[in-house]
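Single-structure report; data block below.
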Amino acid sequence: VERVVKELKITPYSGMFLYGIRLLTSYSDETIESKKQIYKSFGWSDYHVSELIRRSPLSFKPSEENIQNKLDFFTKTMGYKPEYLITRSAFFSLSLEKRMLPRYRVLQVLKERGLLPIDYKLYVALLKSERGFLEILIKPYKDDEPGLLELYQNSKGCSYVDSLSK
């Protein structure tokens, strides 16, 4: 308990306190340090890494490879900076292959075709439920972009998505 306060800077009154305990009891110090180094290899400072842990200890739950792949996508493809990612720590709990990339691809197609009336942010698309995403970003564009649903299906293979195409 004391380590969570001292090392992770998470107070006992924080909703993240129990997750901090879980982080420290589930992973060795070496594993946590190794994951910290991955963030630092993408230009994160000690402050950025500490702040991410404080806000979302579960950001350290994915494997090292998974964290590296997500950071690669966030920084190289999306151009996101640590300050942005720290405030959107939910990114680290979502699947890159099953959620982020398929939705990113859909947004890219809609933006390239000029079909989105607003600058729709990936973060907003990622937080939508499956149904909400399909209702807002797939169904309205089925006529203008007939391959959109298929692109999404091929990107993730979801039985719920299959049922919408009928």
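In what follows, every heavy atom counts, from backbone to side chain, and hydrogens, waters and symmetry copies are set aside.
Taking CD1 from Ile138 and CG from Leu148, the interatomic distance works out to 4.0 Å, rounded to the nearest 0.5 Å. The structure places OH of Tyr27 at 7.5 Å from CZ of Arg22, a figure rounded to the nearest 0.5 Å. Distance check, rounded to the nearest 0.5 Å: CH2 of Trp44 to CG of Leu71 gives 6.0 Å. To the nearest 0.5 angstrom, Phe91 atom CZ is 13.0 Å from Ile86 atom CD1. Taken from CG in Leu23 to CE in Met16, the straight-line distance is 12.0 Å, to the nearest 0.5 Å. To the nearest 0.5 angstrom, Leu116 atom CG is 6.5 Å from Leu107 atom CG.
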Report task. Run the numbers on Leu58 and Ser93 for side-chain contact (heavy atoms from CB on, under 4.5 Å), then give the verdict. Result -> CA-CA 7 Å; Leu58 293 178; Ser93 65; 5.7 Å; no

**Report entry** Worked check of side-chain hydrogen bond (donor to acceptor under 3.5 Å, both in side chains) between Thr31 and Ser28
**Finding:** CA-CA 5 Å; Thr31 299; Ser28 69; 3.0 Å; yes

Report task. List the steps, then state whether ring-ring contact (aromatic ring centres under 6.0 Å, His included) holds for Phe92 with Tyr39. Result -> CA-CA 12 Å; Phe92 295 99; Tyr39 285 94; 5.7 Å; yes

Report task. Give the intermediate values and the outcome of side-chain contact (heavy atoms from CB on, under 4.5 Å) for residues Leu126 and Tyr104. Result -> CA-CA 9 Å; Leu126 292 177; Tyr104 169 74; over 6 Å; no

Query - Derivation and outcome, side-chain contact (heavy atoms from CB on, under 4.5 Å), residues Leu137 and Tyr120 - result: CA-CA 10 Å; Leu137 289 163; Tyr120 210 90; 3.4 Å; yes

Requested in this report: Walk me through it: do Ile32 and Leu24 pass the test side-chain contact (heavy atoms from CB on, under 4.5 Å)?
Outcome: CA-CA 8 Å; Ile32 293 170; Leu24 292 178; 3.8 Å; yes

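A donor-acceptor pair is defined here as one N or O able to donate and one able to accept, closer than 3.5 Å; such a pair exists between the side chain of Arg103 and the backbone of Ala125. No donor-acceptor pair closer than 3.5 Å links the side chain of Lys139 to the backbone N or O of Ile136. Checking side-chain atoms of Lys128 against main-chain N and O of Leu134 turns up no donor-acceptor pair under 3.5 Å. Looking at Lys36, its side chain never comes within 3.5 Å of a backbone N or O of Asp46 through a donor-acceptor pair. A donor-acceptor pair under 3.5 Å links the side-chain atoms of Thr87 to the main chain of Tyr84, judged by distance alone. A distance-only check finds no donor-acceptor pair linking the side chain of Ser34 to the backbone of Glu30 [under 3.5 Å]. Between the side chain of Ser50 and the backbone N or O of Tyr47 there is no donor-acceptor pair closer than 3.5 Å.
The side chain to side chain donor-acceptor pair (under 3.5 Å) search around Ser95 returns none, not counting sequence neighbours.
Checked against the 6.0 Å centroid criterion, the rings of Phe42 and Phe74 do not qualify as a close aromatic pair.
Within the structure, salt bridge (charged side-chain N to carboxylate O under 4.0 Å, His left out) pairs that include any residue of residues 51-72 comprise Glu51-Arg54, Glu51-Arg55, Asp72-Lys76 (at least two apart or interchain).
When every heavy atom of Ile67 is checked against every heavy atom of Pro62, the shortest pair comes out as CD1-O, 3.6 Å. Looking at every heavy atom in both residues, Gly20 comes nearest to Ile10 through CA-CD1, 4.1 Å. Nearest heavy atoms, Tyr141 versus Leu115: CE2-O, 3.3 Å. Considering every non-hydrogen atom in both Pro82 and Gly43, the closest pair reads CG-O, 4.5 Å.
Looking at Tyr152 and Arg105, their side chains never come closer than 4.5 Å, going by heavy atoms from C-beta outward.
Crowding of Lys98 atom NZ: a count of heavy atoms from other residues, nucleotides or ligands under 6.0 Å not exceeding 12. In Lys40, the NZ atom is crowded: over 12 heavy atoms of neighbouring residues, nucleotides or ligands sit closer than 6.0 Å. Environment of OH in Tyr19: sparse, with no more than 12 heavy atoms of neighbouring residues, nucleotides or ligands closer than 6.0 Å. Other residues, nucleotides and ligands contribute at most 12 non-hydrogen atoms within 6.0 Å of the CG atom of Asp143.
Taking 4.0 Å as the cut-off between side-chain N and carboxylate O, Lys142 and Glu150 do not count as a salt-bridged pair.
Clustering ILVMFWY residues whenever any of their side-chain heavy atoms sit less than 4.5 angstrom apart, transitively, puts Val106 in the very cluster that holds Ile118.
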